Amino acid sequence: MTTTQHPPAASGLNYNPYAPRNVWNRAMNLLAALFSLMAVLPLVVVILYVLYKGGGAITPAIFTELPPAPGLSEPMGMGNAVIGTAMVTGMAALVAIPVGVGGGIYLAEVDKTGWFAQFIRFGVNVLAGVPSIICGLFIYALVVDTRILWGESFSAMAGSLALAVLMLPTIVKTTDEGLKLVSQELRMGALGVGASRFVTITRVVLPAAVSPIATGVVLGIARAAGETAPLIFTALFSPFWPDWSSGLGLLAPTATMSVQIYNFGIMPFAPQVQLAWAAAFILVVMILAANLLARWLARFSAS
Amino acid sequence: MFTHKKRPWTEKLVDHAFIRMTAVLASVVSLTVLGIFFTVGFQAVFQGDLSSLLPWNQDSIWQGIAAWNDEETFGVRWGAIPHFGLGFLANSSWNPVRNDYGALTPIYGTLMTSALALLLAVPLGVGTAIFLTEDFLPQKLRTIIGFMVELLAAIPSVVLGLWAMAMLNGFLAAFTPLHVHLGWLPFFGTEPGGPNLAMASLILVVMLLPIITAVSRDSLNQVPRELRQGAYAVGATRWTSIFQVLIPAAVSGIVGGAMLALGRALGETMAVTMIIGNSTKLSTSWFAPSSTIASLLANQFGEADDIQVSALYYAALVLMILTLLVNICAQVIVKRLALKYD
């Protein structure tokens, strides 16, 4: 009969806080936490700073007055830029959403893997990577320089087109992804009861995917509203109210909040810089709101 | 009992028209890409606007049969590419008075700011992504931090530029000790006295962080649970399994995200323009004002004419080719390195 020999208290099984690998482990934990803190910090600092500097400049007059001439401090407003941003971004969405959703439908429903679809997919990826200033240059050469829009050069419409080019890949991608999430049974069911492809796509598949598409579109619009580089050579800037007589204001140079931040932010006059901060405040609040809205919209697709 | 009922021709027509329409709309995307390359290329090769392509246009790029005898130009208004050739890329002078243009300074600035920014943003972004995929914090808190990092991506670059201008003195105070103690290094050679290349890089870091974090987080989340369990089962510590198992498994996504971020950094315009100082003088020092291709375009395009416009389009073409190469590389790397789990 043998007795089992227990090994002496196995020190190797206890956690040794001084073992090199455990020290390394804790050091890395700390480093990762530090990195995340550093990643979040800029957001907090920027938002607080913008709210502090810009929030103080917000008065009712901001929305109803025009900006002052350089050197003056009256009137203090930027109503033209607020209208301009809404006009340019809205028009860009009107151009980009039909094209983008249509392209997305093609990629997800009509032709998924053919050579033409590959070509389009490659185009979407390239367009998504094109720097935004190049979009501005492209529309400048195409529309502004050639005066193709009823002989007008710089115009809100040109700015909208530049933003539309920028939004297009995002919308195509989100539509494509959103439609892929719709279950195949839904399509089969619709086609099975005799619906045509047109009816299947527009009445069955698209409504089922509307929430992810809407999420992407809202984020795309918010992103475009803050873009400056495509607008500085297309929509340009204007210290006046939109010229409603020329194409409902769409065919005249137009102020936008983003370009105003750039133009006024680098000026040596205090009132202008203050207006730049006010515009930054409105843009940031708008973009935060759009992101929250997108989160809220995304909740519907989860359920 | 059953009769075969044909679809009415109207329905067929609508169906076909709809499918064709989506194809046309989809091709708009690719046509736009081709259009961008054609337009920028055209403007870099010729002087004059696109409408001069129309044969009935008086102000054509080809000045007619009478000018054909000109042996140098053959009557064509050539732009920057025939004028400066590839020497454009190695010439560091940008002189509108003598019409001598070269893009070496902005190309150097573009590559240097992007490289510096990537060097700082990749460790920070991947570290954050690891922190957000491990169970250090409760899930709810991690979701909030992830959302905050995503929000950072939504802040317009022009707002970040405005903020950076307001923080200028803070940046300068932080840079001065580097110059005082390490001034013998060429990179710290000049005294920081205003907007400079280093600041532009730091702002780029802020803009790249959310991209790198989001993409790395996604790819880390997709690593199968079994791999982690296996690593823990053989006694690996948390960080051993992260470095030896999780990161190698997710490396395709991480590298892809970094390349995507590099593409963004190369083309980033507004924040950089506001904080880089827009000097076309070549300097190796990070504390000297510099320019990137995008900032050069934003800064000079409005006031340029004739050959300068064409030179700016040439620089834009260089930028487009750079970003295109980076983006294609990103896609190839993601496909090559992607590990397949079944």
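So you know, we letter chains A, B, ... as the sequences are listed, proteins then strands, and number each from 1. The model shown is predicted, which means the values in this text are computed figures rather than measured ones. Computed from heavy atoms alone, side chains included, the values below leave out hydrogens, waters and symmetry copies.
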Worksheet item: Quick one: of Pro98(A), Gly129(A), Ser132(A), who has the most non-hydrogen atom pairs under 4.5 Å with chain B?
Response: Gly129(A)
Worksheet item: Who among Leu288(A), Ile134(A), Leu142(A), Ile232(A) has the most heavy-atom pairs with chain B under 4.5 Å?
Response: Ile134(A)
Fill in: Nearest heavy atoms of Tyr313(B) and Leu137(A), plus distance in Å
OH-O, 3.4 Å
Worksheet entry | Interchain contact, Arg295(A) with chain B, by part (heavy-atom threshold 4.5 Å) | side chain
Worksheet item: Of the backbone (N, CA, C, O) and the side chain (C-beta and beyond), which part of Val50(A) lies under 4.5 Å from a heavy atom of chain B, both, or neither?
Response: side chain
Discussion item. Using a 4.5 angstrom heavy-atom cutoff, name the option from Val33(B), Val309(B), Val40(B) with the most pairs to chain A.
Written reply: Val33(B)
Worksheet item: In Å and rounded to the nearest 0.5 Å, what is the OG1 to CZ distance from Thr200(A) to Phe18(B)?
Response: 10.0 Å
Worksheet item: If only atom types and distance count, is the side chain of Asn25(A) paired as donor or acceptor with the main-chain N or O of Thr237(B) below 3.5 Å?
Response: no
Worksheet item: When heavy-atom pairs shorter than 4.5 Å are enumerated against chain A, which of Ala26(B), Ala17(B), Pro156(B) gives the highest number?
Response: Ala26(B)
Practice prompt. For Leu209(B) and Met38(A), work out which heavy atoms get closest and say how close.
Written response: CD1-O, 4.5 Å
Worksheet, complete the sentence: Leu162(B) and Ala280(A) have their tightest heavy-atom pair at CD2-CB, 4.1 Å
Discussion item. Please report the interatomic distance CG(Leu43(A)) to CG(Leu152(B)), rounded to the nearest 0.5 Å.
Written reply: 5.0 Å
Discussion item. Counting heavy-atom pairs under 4.5 Å with chain A, which one of Gly263(B), Gly267(B), Ala316(B), Ala298(B) comes out on top?
Written reply: Ala298(B)
Worksheet entry | Nearest non-hydrogen partners of Gln43(B) and Ala141(A), listed with the distance | NE2-CB, 3.3 Å
Item to complete: Please look at Ile139(A) and chain B and tell me whether the side chain, the backbone, both or neither of the residue comes under 4.5 angstrom of a heavy atom of that chain.
Response: neither
Discussion item. Parallel, tilted or perpendicular, judged at 30° and 60°: which one describes the rings of Phe301(B) and Phe233(A)?
Written reply: tilted
Worksheet entry | Most contacts with chain B, counted as non-hydrogen pairs under 4.5 angstrom, among Gly100(A), Gly226(A), Pro169(A) | Gly226(A)
Discussion item. Using heavy-atom distances under 4.5 Å, tell me whether Ala195(A) contacts chain B through its side chain, its backbone, both, or neither.
Written reply: backbone
Practice prompt. For chain A, find which of Val159(B), Leu137(B), Ile36(B) contributes the most heavy-atom pairs closer than 4.5 angstrom.
Written response: Ile36(B)
Worksheet entry | Region of Val172(A) that comes under 4.5 Å of a non-hydrogen atom in chain B | side chain
Worksheet item: With respect to chain B, which residue among Val199(A), Asn29(A), Leu34(A), Asn22(A) yields the maximal number of heavy-atom pairs within a distance under 4.5 Å?
Response: Asn29(A)
Fill in: Atom of Pro42(A), atom of Val206(B) and distance for their closest heavy-atom approach
CB-CG1, 3.9 Å
Response to the item:
Nearest heavy-atom approach of Phe116(A) to Ala23(B) is CE2-O, 4.1 Å
Worksheet item: Side chain, backbone, both or neither: which part of Tyr49(A) has a non-hydrogen atom closer than 4.5 Å to chain B?
Response: side chain
Discussion item. Has Asp15(B) got a side-chain atom pairing as donor or acceptor with Ser196(A)'s backbone, closer than 3.5 angstrom?
Written reply: no
Discussion item. Does atom OH (Tyr52(A)) have a neighbourhood of more than 12 heavy atoms from anything else shown, all under 6.0 Å?
Written reply: no
Worksheet item: In terms of heavy-atom contacts, does CZ of Arg26(A) have more than 12 from other residues, nucleotides or ligands at under 6.0 Å?
Response: yes
Discussion item. Let's test your reading of the structure: which of Val46(A), Val40(A), Val101(A), Ile105(A) forms the most heavy-atom pairs below 4.5 Å with chain B?
Written reply: Val46(A)
